[in-house]
Amino acid sequence: MPELPEVETIKKDLEKVLLGRRIKEVIVNSKKVIKQPVSVQEFRKKLIGNSFKEVLRRGKVLIFKLKEKLYLVIHLRISGWILFGNQEENARVVFVLDNNKHLNYMDTRLLGELRVVSDYTTLNFIKQLGPEIFDMNLEEFKNMIKKKKKKIKVLLMDQSFIAGIGNIYSAETLFRAKIKPTRLASSLNDKEITSLFNSIKEVLQEAIKFRGSSVDSYRDIEGREGKMEERLKVYGRENKPCFVCKTPIKRIELGGRGTYFCPHCQR
DNA sequence: AATGGGACCTGCGCGC
DNA sequence: TGCGCGCAGGTCCCAT
């Protein structure tokens with residue numbers, strides 16, 4: 001489900017309700033999502049009694065600091081999301097807080113993962129992440145792009161290149177920059193790279209402002225849909241007219257993922 | 001280095 | 001109505 005804007009929305013909302021709260025109980029309904037420690041009992045033991053000190057986001061990963069050398073790390077993958085408030089029957093994992101509110105980890109497809117670790121920076125899916133786009137400058141971005149021969153859409157989704165961009169926002173970003181997703185990264189000229197760089201930041205910022213896209217299961221922590229979905233220009237719009245030129249939006253497969261673009265506007 | 005396929009999962013919508 | 005298929009916001013692993 002969630003790309004950077006959705007995870008950022010969750011992060012900011014959770015900060016308001018979680019900081020300072022103590023974990024009273026942890027109920028694990030689906031042990032499959034508990035990856036570390038492998039034992040559910042150990043997982044619960046490490047969490048119960050601890051308080052939330054800080055909520056962080058790195059790429060698409062949510063990180064909760066509990067104390068020095070203790071972090072709860074949640075990777076939502078495709079269908080994970082968080083519902084805060086009352087206890088949910090369908091929750092895969094429930095964290096009961098000292099004010100009797102519940103943090104429900106929801107995940108229909110069970111592909112997400114929860115870990116309790118003493119150092120999250122050594123986790124593979126954190127360690128391998130590229131920079132956050134908001135921390136980069138144009139020159140760095142240019143240099144990185146020019147070295148790569150991957151198709152630009154595939155490169156944008158590569159988390160070791162830039163952290164946080166997924167299938168929706170890579171498509172939206174390329175539409176805004178008027179670049180065809182099949183172009184090789186190394187073939188982009190300076191003007192296109194500049195446009196792409198700005199588009200990424202604009203699209204992600206807009207998506208954060210509108211609290212993410214609820215194409216499928218994603219909801220915010222109060223269960224509300226994001227408002228970015230209705231602003232998407234190409235994602236999921238196969239055969240529908242381009243908002244700019246009316247040409248039907250095309251869907252192709254790239255890197256095993258459905259890829260949408262306007263064959264007229266994007267070159 | 002880049003690409004393609006499959007695996008991990010469940011559930012939805014569509015065509016027949 | 002029922003069933004099979006394709007598809008889904010992510011990532012990892014393997015083979016070429």
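Chain A is the first sequence line, chain B the second, and so forth, proteins listed ahead of strands; every chain is numbered from 1.
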NA contact type, [X], heavy-atom cut-off 4.0 Å: base, sugar-phosphate, or nothing?
X: A:Arg92; value: nothing
X: A:Tyr169; value: nothing
X: A:Phe161; value: nothing

Next item on the list: When you get a sec, tell me which of C:dT11, B:dC8, C:dA8 is the closest nucleotide to the side chain of A:Lys32?
Entry: B:dC8
Checklist line | Out of C:dA8, B:dG11, C:dG10, whichever nucleotide has its closest atom nearest the side chain of A:Arg251 | finding: C:dA8
In plain terms, say whether [X] and [Y] are close enough for a salt bridge, that is, a side-chain N and a carboxylate O under 4.0 Å apart.
X: A:Arg77; Y: A:Glu113; answer: yes
X: A:Arg176; Y: A:Glu206; answer: yes
X: A:Asp158; Y: A:Lys150; answer: yes

Quick one: is [X] getting a side-chain N or O under 4.0 Å of the [N] phosphate, OP1 or OP2?
X: A:Lys150; N: B:dT3; result: no
X: A:Tyr260; N: C:dA8; result: yes
X: A:His75; N: C:dT11; result: yes

Notebook entry, point to check: So what does the secondary structure string of DNA chain B come out as, 5' to 3', with Watson-Crick or wobble pairs under 3.5 angstrom, [ ] for crossing and | for pairs with another strand?
Noted result: .|||||||.|||||||
Next item on the list: Please find out if less than 6.0 Å separates the ring center of A:Phe84 from that of A:His102.
Entry: no
Notebook entry, point to check: B:dC9 P sits how many Å from A:Leu76 CG, rounded?
Noted result: 18 Å
Next item on the list: Please work out which of the three classes, parallel, tilted or perpendicular, describes the rings of A:Phe161 and A:Phe141, given edges at 30° and 60°.
Entry: tilted
